Number of protein chains: 2
Amino acid sequence: MDRRRTDTRSRIRSVAMELFTEQGYDKTSMREIAERLGVTKAALYYHFKTKQDIVTDLFASLPEGIDEIVRWARNQPAGAKTREEILVRYGTLLHEYGRDMARFFYTNQAAFGRHESAFTMREGMRLLAHAMTTPDHNPLDTFYARQALLTLGWSSAMMGDLDLTDDECFEASLKLGRELLQRISPTAGHIT
Amino acid sequence: MDRRRTDTRSRIRSVAMELFTEQGYDKTSMREIAERLGVTKAALYYHFKTKQDIVTDLFASLPEGIDEIVRWARNQPAGAKTREEILVRYGTLLHEYGRDMARFFYTNQAAFGRHESAFTMREGMRLLAHAMTTPDHNPLDTFYARQALLTLGWSSAMMGDLDLTDDECFEASLKLGRELLQRISPTAGHIT
DNA sequence: GTCTATAAGGTGATAGAC
DNA sequence: GTCTATCACCTTATAGAC
């Protein structure tokens with residue numbers, strides 16, 4: 001049977017995720033991952049060509065999710081309603097991934113700073129804020145849009161120690177995000 | 001004259017700051033700092049015992065600033081007015097340091113994760129949110145307080161590319177922060 | 001798929017001369 | 001204060017046997 005063909009691969013994924021969130025991407029070595037797993041470094045390199053590839057694999061569907069929102073938004077009329085829907089979709093996307101993901105990305109920004117294909121939350125957030133302020137992209141409006149989106153990201157990343165469930169955090173930050181969007185000029189995104 | 005006694009030391013500080021914000025703390029090596037400065041690594045170690053010491057030195061007055069706010073808050077009556085004043089003081093503290101500092105701390109969280117004396121923005125933010133929700137520390141109120149404080153941090157850290165001055169960012173995020181604080185139960189912090 | 005062994009080079013940090 | 005030289009160790013990644 002090859003039912004277990006991908007077993008080691010997925011064990012690598014989960015151990016790596018564990019260590020990355022625990023101590024950071026840069027501070028976690030392939031040796032460490034291999035040791036906790038009880039295999040050798042070389043075994044890791046059979047499954048993943050590089051260290052970065054593990055991360056890319058872990059969050060493959062995240063840039064896809066962002067991209068999907070952007071594409072969806074393109075076919076919508078610009079305005080407050082679309083802005084809010086983008087916010088909700090972004091929040092839902094992060095919420096589905098869970099707290100570990102958000103914490104991982106928000107704490108390890110430096111690790112994926114200026115690298116070729118590496119996806120960053122910063123980039124995703126900026127893309128969505130851009131879509132939310134179509135077509136004028138007023139700087140102050142963009143500022144508000146970004147802050148609203150960041151509220152969603154941080155809600156999972158920095159509030160883990162509070163006595164609130166994931167769902168409660170999600171809902172609370174969605175409320176805050178919506179409120180921040182109200183600051184955007186009501187005429188933005190409308191043909192005048 | 002020993003007027004220039006600290007010249008190299010301060011040049012190290014500014015070059016290190018430059019590289020740290022540019023490419024992250026972990027990805028910047030002592031060799032790199034030394035090279036850009038035109039000195040040897042050993043010279044660096046004359047001025048700073050460790051790499052971490054450079055960072056600690058760069059932001060020495062930041063934990064002091066936070067601490068001062070916390071101490072001030074202890075002598076104030078709990079309630080909405082004190083909460084708002086904490087927010088303003090925190091914002092002003094960050095604003096005075098400038099964008100580079102905020103960007104540095106918000107992007108390099110992983111580098112100072114679980115380390116002895118290393119100050120983290122996360123920790124400072126949590127202390128202040130705790131002070132803002134005295135004495136009951138209701139989880140949802142703490143959530144709102146943290147989000148309000150984070151708004152201030154992000155304004156300098158993630159908005160650098162927008163066509164807004166530092167002052168404009170500061171004022172805009174202060175407005176947002178104040179608004180978020182309104183969510184905190186009006187009775188919080190008052191003797192009932 | 002996983003192993004041993006090793007390449008090739010980088011890291012923070014120190015000793016001791018000048 | 002700054003240098004050269006070096007230590008001890010770690011890193012990512014690969015070749016080739018099993």
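Below, chain A is the first sequence line, B the second, and so on; all start at residue 1. Please read all numbers here as calculations on a predicted model, not as lab measurements.
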Can you measure [X] atom [atom1] to [N] atom [atom2] for me and round it to whole angstrom units?
{"X": "A:Glu32", "N": "D:dC9", "atom1": "CD", "atom2": "C1'", "value": "15 Å"}
{"X": "A:Leu44", "N": "C:dC3", "atom1": "CG", "atom2": "C1'", "value": "13 Å"}
{"X": "A:His47", "N": "D:dA13", "atom1": "NE2", "atom2": "P", "value": "16 Å"}
{"X": "B:Ile54", "N": "C:dG12", "atom1": "CD1", "atom2": "P", "value": "10 Å"}
{"X": "A:Asp26", "N": "C:dT11", "atom1": "CG", "atom2": "P", "value": "12 Å"}
{"X": "B:Arg11", "N": "D:dG1", "atom1": "CZ", "atom2": "P", "value": "13 Å"}
{"X": "B:Tyr46", "N": "D:dT4", "atom1": "OH", "atom2": "C1'", "value": "18 Å"}
{"X": "A:Lys27", "N": "D:dC10", "atom1": "NZ", "atom2": "P", "value": "15 Å"}

Item checked: A:Thr8 vs C:dG1: side-chain N/O to OP1/OP2 distance below 4.0 Å ->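 Looking at the OP1 and OP2 atoms of C:dG1, neither is under 4.0 Å from any side-chain N or O of A:Thr8.
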Note to self: Below the 4.0 Å mark, does C:dT11 have OP1 or OP2 next to a side-chain nitrogen or oxygen of B:Arg31?
What the structure shows: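 Looking at the OP1 and OP2 atoms of C:dT11, one of them is under 4.0 Å from a side-chain N or O of B:Arg31.
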Note to self: Assess whether a salt bridge exists between B:Glu85 and B:Arg89, defined as any Lys/Arg side-chain N lying under 4.0 Å from an Asp/Glu carboxylate O.
What the structure shows: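 Salt bridge flag = yes for B:Arg89 with B:Glu85.
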Notebook entry, point to check: Salt bridge check: are B:Glu171 and B:Lys175 linked by an N-O gap of less than 4.0 Å?
Noted result: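 Salt bridge absent between B:Glu171 and B:Lys175.
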Item checked: A:Leu62 vs A:Phe105 side-chain heavy atoms within contact, under 4.5 Å ->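 A:Leu62 reaches A:Phe105 side chain to side chain.
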Notebook entry, point to check: Should A:Arg183 and B:Glu179 count as side-chain neighbours, where that means a heavy-atom distance under 4.5 Å?
Noted result: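 In contact.
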Notebook entry, point to check: What nucleotide, of D:dC3, C:dG1, C:dG12, holds the atom closest to the side chain of B:Ser29?
Noted result: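 Nucleotide nearest to B:Ser29's side chain: C:dG12.
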Item checked: Transitive ILVMFWY side-chain link B:Val55 to B:Tyr46, under 4.5 Å ->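 No, it is not one cluster - the side chains of B:Val55 and B:Tyr46 are not joined through contacts under 4.5 Å.
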Note to self: Please tell me whether A:Phe104 and A:Tyr25 form a close aromatic pair, meaning their ring centres lie under 6.0 Å apart.
What the structure shows: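 No, too far apart.
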Next item on the list: For residues 145-159 of chain B, pull every pair meeting salt bridge (Lys or Arg N to Asp or Glu O under 4.0 Å), keeping only residues two or more places apart or in separate chains.
Entry: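 Output for this query lists A:Asp161-B:Arg146.
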Check: Can you give one letter per nucleotide of nucleotides 13-18 of chain C, going 5' to 3': B for a protein heavy atom under 4.0 Å from the base, S for sugar-phosphate only, - for none?
Finding: BBB---
Margin query: What's A:Thr40 touching, base or sugar-phosphate or nothing? Going by heavy atoms closer than 4.0 Å.
Written below: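 Base contact - A:Thr40 has a heavy atom under 4.0 Å of at least one base atom.
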